[in-house]
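These notes concern the structure reproduced below.
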Amino acid sequence: MAFVELEDGSWINPDLVERMYKPEPSTDFWWAGLNHGEATAITDADRVRILKAVDYITDADRVRILKAAGFVKIKKEKDDEQ
């Protein structure tokens with residue numbers, strides 16, 4: 001059993017997490033539903049940590065998570081040649 005430390009200092013066992021979901025699209029937190037019926041509030045960063053711990057996350061998933069959290073890679077634009 002590998003535990004993951006959450007941003008609030010608490011610990012969670014990723015093997016017990018059955019699903020992660022946002023209660024509403026406008027909220028800035030997620031719920032982690034555990035297999036024994038409880039749910040705990042987690043942040044976007046917590047979600048990434050949990051997914052990394054169970055090897056369910058790919059690089060494409062990381063990009064989608066960061067974009068959803070408001071972090072996007074800035075593409076350099078070519079300078080206009082005159």
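Numbers here are sequence positions counted from 1. Because the structure is a prediction, the values reported are computed rather than measured.
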| Is it true that Asp46 and Arg49 make a salt bridge, defined as a side-chain N closer than 4.0 Å to a carboxylate O? | yes

First locate atom [atom1] of [X], then atom [atom2] of [Y], and finally report the distance between them rounded to the nearest 0.5 Å.
X     : Y     : atom1 : atom2 : value
Thr43 : Leu6  : OG1   : CG    : 7.5 Å
Leu34 : Asp15 : CG    : CG    : 11.5 Å
Arg47 : Glu7  : CZ    : CD    : 13.5 Å
Trp30 : Thr40 : CH2   : OG1   : 15.0 Å

| said: Using the rule that Ile, Leu, Val, Met, Phe, Trp and Tyr join whenever any side-chain heavy atoms are under 4.5 Å apart, tell me whether Ile42 and Tyr21 fall into a single cluster. | reply: no

| field | Within one Ile-Leu-Val-Met-Phe-Trp-Tyr cluster: Val48 and Trp31, side-chain cutoff 4.5 Å | value | no

| query | Considering all heavy atoms of both residues, which atom of Val4 and which atom of Ala53 are nearest to each other, and what is their separation? | reply |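 The answer is CG2-CB, 3.5 Å.
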
